[in-house]
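Both ligands and their constituent atoms are indexed starting at 1 by order of listing. Note: hydrogens, waters and symmetry copies are ignored here, and every other heavy atom, side chains too, is used.
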Amino acid sequence: SVLRAEHIWLDGKLVKWDEGSVHVMTHALHYGLGVFEGIRAYKTHDGRLAVFRLREHIQRLLDSAHIIMLHIPYTEDQLVEATLELLRQQKHLFANGAYLRPVAFMGDGAMGLGAVNPTRVAVTAWDWGAYLGDKGIREGIRAKVSSFTRMHVNVNMVRGKITGQYVNSILAKREAVLAGYDEAILLDISGFVAEASGENIFMVNKKGIIKTPPLSSPILDGITRDTVLKLLRDSGRQVEEVTFTRDALYICNEIFFTGTAAEITPVREVDNRQVGEGKPGPIGRFVQDAYFKVVRGQDDRYADWLTYV
Ligand code: PMP
């Protein structure tokens, strides 16, 4: 289905969806110098719409831009307000939730790698269901370790969510999907597990120890990863942020992916090897339930993470 809404926030004002175009000479289109975010707004239990961890996402957008020295001519507050305004204007479209996509990139003007053109900034919202499918969320997905390596921390700026860097993710994702799997798991240059093409990864080993790769790995500092670490630790469970090998995944009890788009998606098979009992395990289920309660405003301990539209 074609993604469509009524308005887009573009360079400081709301414009009609069809007016959200840029010139083919847009610098970022040629060289990939841009940054973006993926944010979700959920319908809360009392019927209101709330954006999950909005400030953290906008802060990461600004950090990403700072890393690549892309000047964003708006403050954090202005971008937060732009996002909320976009949702308020289209409340009738997004009563059941929305996916939000702020993006900032070098616009047109001069060409060449040394050019510095004015930055364009947009926020778009659309209706996006479970990224890896409702069935994936319910029953788990099949993943494949990719032949593509997550790039070294001195090649990719891994603390940034940078548009050009996603070619690596797309190569991995397409390879996995064309081979009949749902998602790709990328290893770092030493062969340790890093993350999926658009999600962070958690596993539970046979001793019941929960592990996720550390932030010194070439992974995005995922906001869902951070949320899940907090939910697990606040529930009295320990989580180790350590590197582990691909074969540790082959013999573990549970694997799940975390991400704004994918939410909490269990993995039931890796490289044709069944994971645990081949269905979502108890820790993954716990995290899923806890996460959906938090984003829907049903857990007062985490009310600060919600910004009501
Ligand atoms: N890793 C990559 C490569 C991603 O693109 C994403 C999605 N932004 C994530 C992890 C998960 O990050 P978050 O939980 O902040 O959405």
### Query
Listed by chain and number, what are the side chain to side chain donor-acceptor pair (under 3.5 Å) partners of E199, not counting sequence neighbours?
none
Distance-only check: which donor-acceptor pairs under 3.5 Å involve side-chain atoms of residues 246-257, not counting sequence neighbours?
residue : atom : partner : partner atom : Å
R246    : NE   : Y250    : OH           : 3.1
R246    : NH2  : Y250    : OH           : 3.2
R246    : NH2  : D271    : OD2          : 3.1
D247    : OD1  : T245    : OG1          : 2.6
Y250    : OH   : D271    : OD2          : 2.3
E254    : OE1  : I283    : N            : 3.3
E254    : OE1  : G284    : N            : 2.7
E254    : OE2  : I283    : N            : 2.9

Check residues 100-120 and write down every donor-acceptor pair under 3.5 Å in which the side-chain atom is one partner and the other belongs to a residue at least two apart or another chain.
residue : atom : partner : partner atom : Å
R101    : NE   : E37     : O            : 2.8
R101    : NH2  : Y99     : OH           : 2.9
N117    : OD1  : A110    : N            : 2.9
N117    : ND2  : G107    : O            : 3.0
N117    : ND2  : A110    : O            : 2.9
T119    : OG1  : H71     : O            : 2.6
R120    : NE   : D11     : OD2          : 2.7
R120    : NH2  : D11     : OD2          : 3.0

### Task
Establish, from distance only, whether the side-chain atoms of E183 and S197 form a donor-acceptor pair under 3.5 Å.
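Judged by distance alone, the side chains do pair up.
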### Message
Give me the atom names and distance for the closest heavy-atom approach of A125 to L87.
### Response
CB-CD2, 4.2 Å
### Task
Could you name the protein residues that come within less than 4.0 Å of ligand 1, counting only heavy atoms, and order them by chain and residue number?
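Residue list for ligand 1: R60, R150, K161, Y166, E195, S197, G198, E199, N200, L220, G222, I223, T224, T258, G259, T260.
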### Message
Among L70, N156, I68, L220, which residue satisfies the side chain to side chain contact (heavy atoms under 4.5 Å, CB included) criterion with I162?
### Response
I68
